[in-house]
Amino acid sequence: MQYENSLEFARSMDEKDPLKSFRDRFHFPTFHENKEVVYFTGNSLGLQPKTVESYIKEELDAWAKFGVEGHFLAKRPWFAYHENLTQKAADIVGALPEEVVITHSLTTNLHLLMVSFYKPEGKRTKILCEAKAFPSDQYALESQVKFHGLSTEDHLVHVSPREGEELIREEDVLTKIEELGDELALVMIGGVNYYTGQLFDMKTITEAGHKVGARVGFDLAHAAGNINLKLHDWGVDFAAWCGYKYLNSSPGGVSGIFVHERHAESPELPRFAGWWGYDKETRFQMEPGFKPMRGAEGWQLSNAPVLGMAAHLASLDIFAEAGMNRIGDKRDEMTAYLEFVIDTISEKNKDRCTFEIITPRDKTKRGAQLSILAHGQGKSLFDALSSKGVVADWREPNVIRIAPMPLYNSYTDCYRFGQYLEQAIQ
Ligand SMILES: *Cc1c(COP(=O)(O)O)cnc(C)c1O
């Protein structure tokens, strides 16, 4: 399509957008003096669906009315509350229902899954991860290695971008996997890198890992609700994601885990157990000796935090209605349009500064995020953008991360971002 950097064109795109009505279902921040913010940080914290309030209110009312009996008498009994979310979350990540459970928080889940799937034995002791992974993942990986009494220098292997490059070459990941061979215990990578927005080919990486006998897991914090995932078909061993970024499920909201069907019943896997992972038919007999639920549910420790789960359910219902296919189509189109707008502004102002998009240009190698290196500009550019009402993310030394969300951002937002960007150039 021939894009134009004009308000008229952006509006015509919005007119034709099959998901345009979804924007009204979200609360847009009102704190800014420039009433209408351009909210491009759904990859940090998704906006609040207007239905969240009624979903939570329902559980507050049930609590008031039933007290503890709400576990069985609430409209959605709390005893099995998480089951309301499973199918919808499974549809988003391309999984069978028994492969998914919504529970805990993301870093907690990464630990629980690594306890099961990182089992250093004999020669096979190493973990392959991406350089500059999200800090929480780095700490989780380091502490897992140390937990087994191993040194991180020898056992945590990073794949970095090549000298002078920003992105990790997939061939370098695959080569490293082959090189490590029977020393490789686990591949653990972010499906979409939080910093560059680079999407990895999870299917190919999984196959390569399995070929050398390693387990393969992904952190999908920046992929769930963003990328069209097929975790089951790709054969991924395990994955975890948070609910509050692309999935709009409240600050610090609940997380999801995926454990492939082939591990649904694997008594040999070590795990840290809790009562909610216990076979639900006999859970309340409170017998000693842990008998796990089949599938992902067997990794639950605690009974569900119902209020947070209710917020997540409100958002999952919107995703179910919109469907990941339509979300994916708009994601690609709108991200490409935003890219066009930024390139146009960059070209027009190249005497003063340039904006280099470090996120892959290829739409099959990215999701909704664009990371922009602002050459010749410092934090003042970002501050100027913020003062106009752009809510974006700044990373030192000079990277701006923006993410147009198919459910609530518009092509007009992209156009306005471009206008503000041009005005903000020093
Ligand atoms: C956002 C994010 C986290 C955050 O972890 P929490 O446990 O939810 O605080 C972890 N890893 C990645 C890759 C993230 O993007």
Side-chain angles (χ1 to χ4, degrees), residues 19 21-30 39 42 45-93 95 97-98 100-106 108-109 224-225 240-258 274-278 280-281 283-284 293 295-297 299-324 326-327 405-408:
L19 296 179
S21 66
F22 283 86
R23 183 176 171 94
D24 271 345
R25 307 221 206 154
F26 291 85
H27 288 293
F28 275 76
T30 53
Y39 194 83
L45 180 67
L47 291 181
Q48 182 186 147
K50 290 176 180 169
T51 45
V52 162
E53 190 174 347
S54 62
Y55 278 62
I56 292 180
K57 181 74 169 38
E58 198 173 305
E59 302 314 327
L60 289 174
D61 291 347
W63 182 19
K65 184 170 171 194
F66 300 118
V68 71
E69 299 301 335
H71 281 290
F72 302 98
L73 299 180
K75 186 176 125 202
R76 297 187 180 96
W78 305 331
F79 170 75
Y81 196 91
H82 64 276
E83 292 174 11
N84 295 296
L85 292 83
T86 302
Q87 179 70 58
K88 289 159 187 162
D91 290 344
I92 289 174
V93 298
E98 74 164 13
V100 168
V101 69
I102 301 301
T103 185
H104 316 136
S105 61
L106 172 54
T108 307
N109 283 334
W241 57 92
C242 51
Y244 53 81
K245 290 174 179 165
Y246 288 83
L247 292 172
N248 318 314
S249 298
S250 82
V254 283
S255 160
I257 70 174
F258 167 88
W275 72 325
W276 230 251
Y278 194 95
K280 77 174 175 184
E281 303 307 328
R283 186 180 297 152
F284 288 95
M293 288 282 294
E297 289 192 12
W299 271 264
Q300 295 173 104
L301 299 182
S302 306
N303 72 100
V306 166
L307 301 183
M309 299 287 273
H312 195 20
L313 182 58
S315 179
L316 289 178
D317 278 341
I318 295 176
F319 270 84
E321 201 182 322
M324 277 312 294
R326 288 200 297 171
I327 289 173
M405 292 294 131
L407 281 176
Y408 53 76

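Remark: side-chain polar atoms of Lys280 are not paired, donor with acceptor, to backbone N or O of Met293 under 3.5 angstrom. Proximity of a side-chain donor or acceptor of Asn109 to a complementary backbone N or O of Trp241 within less than 3.5 Å is not detected. With hydrogens and angles disregarded, no donor-acceptor distance shorter than 3.5 Å links the side chain of Arg25 to the backbone of Thr51. Judged by distance alone, with hydrogens and angles left aside, the side-chain atoms of Asp61 form no donor-acceptor pair with the main-chain N or O of Glu58 at under 3.5 Å.
In this structure, the separation between OG1 on Thr86 and CD on Glu83 is 6.5 Å, given to the nearest 0.5 Å. Distance NZ/Lys245 to CE/Met405: 11.0 Å, rounded to 0.5 Å. Atoms CD1 and OH, on Ile327 and Tyr246 in that order, are 12.5 Å from each other to the nearest 0.5 Å. Taking CG of Leu47 as the start and CG of Leu407 as the end, the distance is 10.5 Å to the nearest 0.5 Å. In this structure, Arg326 CZ and Phe319 CZ are separated by 12.5 Å, a value rounded to the nearest 0.5 Å. Here CZ of Arg23 is found 11.0 Å from CZ of Phe26. Values are rounded to the nearest 0.5 Å.
Surrounding NZ of Lys50 are more than 12 heavy atoms belonging to other residues, nucleotides or ligands, all under 6.0 Å away.
Between Phe284 and Trp275, some side-chain heavy-atom pair lies under the 4.5 Å cut-off. In this structure, Leu316 and Asn84 have side chains that are not in contact, with every pair of non-hydrogen atoms separated by 4.5 Å or more.
Ring centers of Trp299 and Phe258: at least 6.0 Å apart, outside the cut-off.
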When the side chains of residues 300-314 are checked against the rest of the protein, which donor-acceptor pairs come out under 3.5 Å, sequence neighbours left out?
residue: Gln300; atom: NE2; partner: Trp276; partner atom: O; Å: 3.2
residue: Gln300; atom: NE2; partner: Glu297; partner atom: O; Å: 3.1
residue: His312; atom: ND1; partner: Ser249; partner atom: OG; Å: 2.4

